[in-house]
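Input: a single structure, listed below in structure tokens.
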Amino acid sequence: MINITLPDGSVRQYDKGITSMQIAQSISEGLARNVLAAEVDGAVWDASRPIEQDASVKLLTWTNDEGKATFWHSSAHLMAEALEALYPGTKFGIGPAIETGFYYDVDFGDRTFAQEDFKKIEDKMLELAKTKAEYIRKPVSKDEAVAYFTDKGDEYKLDLIKDLPDGSITFYSQGNFTDLCRGPHIPNTGFIKAVKLMNVAGAYWRGDESRKQLTRIYAVTFPKAGELAEYLNMLEEAKKRDHRKLGKELELFAFSEKVGMGLPLWLPKGTALRERLVNFLQRAQVAAGYEQVITPHIGHKNLYVTSGHYEKYGKDSFQPIQTPQEGEEFFLKPMNCPHHCEIYKTKPRSYKDLPVRFAEFGTVYRYEQSGELHGLTRVRGFTQDDAHLFCRPDQVKEEFKKVIDLVLYVFNALGFQDYVAQVSLRDPENKAKYIGTDENWQLAETAIIEAAEEKGLRTVIELGEAAFYGPKLDFMVKDALGRKWQLGTIQVDYNLPERFELEYTGSDNQKHRPVMIHRAPFGSLERFVAVLIEHCAGNFPLWLSPEQYVILPISEKYEDYAKKLSQMLNNSDIRGLIDFRDEKIGRKIRDAEVKKIPYMLIVGEKEAAEGTLSVRKHGTGDLGSMSIEDFKQQLIKEITI
RNA sequence: GCCGACGUAGCUCAGGGGUAGAGCACUUCCUUGGUAAGGAAGAGGCCAAGGGUUCAAAUCCCUUCGUUGGCUCCA
């Protein structure tokens, strides 16, 4: 007999070799029907795998993330089986579960594969699922594994096996399909009730640009047909908040083929929004001891030779601007740091002066790969809310904490709750590729981790993700469609102070190198506005809203009153417009609602006579009538942040 | 940059070898109205650009540009 500890702490006794599925059955039939896999002493196992000794067991169902991942991973095998049945000779790369669903990288040889084939594959998968084929685990020796895939002619699997130690290799089979796989899997294919292929994409084998590109098929499956419908519906809803769609509808920004790809045009309303964000941050930065600076949009080649960017990015960036002067070259500035370093050098600095903080809303240009451009989140010309802090090594942590405070202040003011702080550190295996002394890195990495901890940030640590010049902390958020974007960033830099030979005089009267911290709470105004649009689905906080009200006269008889009202509101710095169109009030309200204007002020005979206004709030409805003064006060209260 | 999809009126889209359609928006007229679309008429397009096949191309083929889903990249 062995002792099985369940998550509630209870201990049950079973015969040696019991499976998680049998444990589930001993608890209830209903539970057994839903068990997909089990966590045994922390590792996820097949529900059918025998347990040979005392263990703690957590049964996994569709409601656990691990259960879902197992379900989707098994679905990937099912899809592979369907592909093999429909297209014999298909070779398979890897087919993991992802956040929602799974993919499989496959090589169809010369056959082209397109979305028309989706239906056929979905049908085949459902057909195979109905057979309730069991997923069978089989440990194999390395030789056996090699023999099987050599015989099958699948070089990708062989490539994977090459790196696996003998004795750790397992195969999983279901129906007519056998795959190299560590597992675990769901009990049988019958659990899979709904299938949807999402899209196809090219993906390099093992993520390496120099290797062959395979066809990656993304799909998602569910244990109930209704859940698929729900999921597709959710995707539709998410699309409605896509910043590219809302940006067009709300007339915030546009792109023009003639101007060039990835170069956003800010329309009047978008500009109004952006300027308010700029003013907001500028005020906060002044309060935090920053000094505003301005630098040109181009810089001499030598600036970037000194900074090292010329060597690293010269060929892959916008090409130099020539001048009538033979051999003279200027570059569009891809970042503001080198300019700010030169500002630092305009005079000798003492340790008593540090830290100094130079802030600039600096527009930069980067030649991003064409396939990378995406709405406002990835563009070729954008404005960073940049600043560079120059401080002593012993000030890094304190400065870091202050920057975190500033970022959190910005995020709070705009209602961002859902973000993760990603701390990017050196790859400990490969310290050679980083610049700067071991001691300084140690100091900076510790400072960042401690600062994040002391500020109570939800943090993930990524080893090897640091820039070559220093560790960093990025605030990551997700867009409406679940894609992750980096907003705020704080980076420590040992490289540029070195290259620009920045110094300060210490209390010992010796020259020392300052540490440079790059930081941008928004990241870039473009990306921030994009994420903000999606975050609030276009319903901006009142203080940011391009129009705060629209006056809707019942008929043209009340236009004079509307103008008077608008004048009074404008005098109190409340902005908006009047709908003079010859339309019925119902129509004007509808249009204002669609345009997401926060307040609709309806004025007619009654209001004009009493000197009041009838207020309707976007998305809420009629608030009744109130005096002009009351409305003004209410708005001013709401606007104050 | 690579793989796939797409590009028709300002917007959202239908059509599809025989020289273009809807709804909304726009203009004019009627209507002067009370909390999410009043009525009528009109105007608007080299069907992304270039080349080819054809008696005939918006439609089929090729190239380019742009958009888009991924991959790689992201100072």
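Order of the sequence lines sets the chain letters (A, B, ...), proteins ahead of strands, with each chain counted from 1. As the structure is a prediction and not an experimental result, all values here were calculated from the model. What you see below is based on every heavy atom in this structure, not just the backbone, and it leaves out hydrogens, waters and symmetry mates.
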If B/rA56 has a Watson-Crick or G-U wobble mate with both distances under 3.5 Å, name it; if not, just say none. none
Atom-to-atom span, CZ of A/F118 to P of B/rG70 - whole angstrom: 13 Å
Report the residue (A/G375 or A/R366) whose heavy-atom-nearest nucleotide on RNA chain B is the more 5′ of the two. A/G375
So if I take every side-chain heavy atom of A/I602 and compare against B/rU32, B/rU35, B/rU12, which nucleotide ends up nearest? B/rU35
Could you work out which one of B/rG69, B/rG34, B/rA75 sits closest to the side chain of A/Y313? B/rA75
Pairing donors with acceptors under 3.5 angstrom, does anything connect the side chains of A/T295 and A/E360? yes
Is the closest side-chain donor-acceptor distance between A/Y599 and A/E547 under 3.5 Å? no
Whether A/R380 contacts B/rC73 is assessed here as follows: a side-chain N or O lying under 4.0 Å from the phosphate OP1 or OP2. Is that the case? no
A/N199 has an atom CG; how far is it from atom P of B/rU67, in whole Å? 19 Å
Base, sugar-phosphate or nothing for A/E583? Non-hydrogen atoms, less than 4.0 Å. base
Rounded interatomic separation in angstrom, taking CZ from A/F331 and C1' from B/rA75: 13 Å
Starting from P on B/rG69, measure out to CG on A/L197 and report it in whole angstrom. 18 Å
Looking across every strand, which nucleic acid part, if any, lies under 4.0 Å from A/E607 by heavy atom: base, sugar-phosphate, or nothing? base
From the list A/H340, A/Q491, A/H388, side-chain hydrogen bond (donor to acceptor under 3.5 Å, both in side chains) with A/H518 holds only for A/H388
When we call it a touch if two heavy atoms are under 4.0 Å apart, what does A/G371 touch: a base, just sugar-phosphate, or nothing? base
From the list B/rC11, B/rA75, B/rU32, which nucleotide is the closest neighbour of the side chain of A/K248? B/rC11
Using the side-chain heavy atoms of A/Q369, tell me which of these nucleotides is nearest: B/rC65, B/rG69, B/rC73. B/rC73
Quick one: the side chain of A/D582 and the base of B/rU31, do they pair up donor-acceptor inside 3.5 Å? yes
Among the candidates B/rU32, B/rG70, B/rU35, find the nucleotide nearest to the side-chain atoms of A/S555. B/rU32
Using a cut-off of strictly less than 4.0 Å, decide whether A/K588 has a side-chain nitrogen or oxygen near OP1 or OP2 of B/rG33. no
Nearest-nucleotide comparison on RNA chain B, the residue closer to the 5′ end among A/K312 and A/R590: A/R590
Nearest-angstrom distance from the residue atom CD of A/Q491 to C1' of B/rC74: 11 Å
Going by purine N1 to pyrimidine N3 plus the second Watson-Crick contact, or the G-U wobble pair, all under 3.5 Å, which nucleotide sits opposite B/rU68? B/rG4
Residue from A/T459, A/V460, A/V477, A/D474 passing side chain to side chain contact (heavy atoms under 4.5 Å, CB included) with A/V420: A/V460
Pair A/N539, A/H618: side-chain N/O donor-acceptor within cut-off below 3.5 Å: yes
It should be established whether A/R216 places a side-chain nitrogen or oxygen under 4.0 Å from OP1 or OP2 of nucleotide B/rG4. no
Applying a 4.0 Å non-hydrogen cut-off, can you work out what A/A203 is touching in the nucleic acid: base, sugar-phosphate, or nothing? sugar-phosphate
Are A/T383 and A/T363 close enough that a side-chain donor and a side-chain acceptor fall under 3.5 Å? yes
If we call it a pair only when both distances are under 3.5 Å in a Watson-Crick or G-U wobble match, what pairs with B/rC24? B/rG10
Give the nucleotide from the list B/rG34, B/rG69, B/rU32 with an atom nearest to the side chain of A/E556. B/rU32
Base-pairing assignment for B/rC46 (Watson-Crick or G-U wobble, both under 3.5 Å): none
Just N and O in the side chain of A/S370: are any of them under 4.0 Å from OP1 or OP2 of B/rG1? yes
Nucleotide B/rG33, atom P - distance to CD of A/E605 in whole Å: 9 Å
For A/C341, run the side chain to side chain contact (heavy atoms under 4.5 Å, CB included) check against A/L496, A/L303, A/N336 and tell me which one passes. A/L496
Any side-chain donor paired with an acceptor under 3.5 Å for A/D107 and A/W205? no
Taking any heavy-atom pair under 4.0 Å as a contact, classify A/G207: base, sugar-phosphate, or nothing. sugar-phosphate
What's the gap between B/rA20 and B/rG45 when it is taken at their C1' atoms, as a whole Å value? 8 Å
Cation-pi check for A/Y103 against A/R216: NZ or CZ below 6.0 Å from the six-membered ring centre and within 45 degrees of the axis, yes or no? yes
In whole angstrom, give me the gap between the C1' atoms of B/rC30 and B/rU12. 29 Å
Using a cut-off of less than 4.0 Å, is there contact between a side-chain N or O of A/H374 and OP1 or OP2 of B/rU67? no
Listed nucleotide nearest any side-chain atom of A/I585, set B/rG69, B/rG33, B/rA75: B/rG33
A/D622 atom CG is separated from B/rU35 atom C1', nearest whole Å, by 6 Å
Partner of A/Y310 by ring pair (Phe, Tyr, Trp, His ring centres under 6.0 Å), out of A/F330, A/F331, A/Y304: A/F331
Those residues of residues 100-107 of chain A lying under 4.0 Å from RNA chain B by at least one heavy atom: none
Provide, to the nearest angstrom, the distance between the CD atom belonging to A/Q213 and the C1' atom belonging to B/rG69. 13 Å
Mate of B/rA37 across any strand shown (Watson-Crick or G-U wobble, both atom pairs under 3.5 Å) is none
Lys/Arg cation over aromatic A/F522: A/R527, 6.0 Å, 45° cone: no
For A/R527, report the nucleic acid contact type (base, sugar-phosphate, nothing); a contact means any heavy atom under 4.0 Å. nothing
Taking the minimum atom-to-atom distance to the side chain of A/Y204, which one of B/rG1, B/rA36, B/rC3 wins? B/rG1
Are the ring of A/Y218 and the base ring of B/rG70 both nearer than 5.5 Å at their centres and tilted by less than 30°? no
Would one find a side-chain N or O of A/R378 under 4.0 angstrom from OP1 or OP2 of B/rC74? no
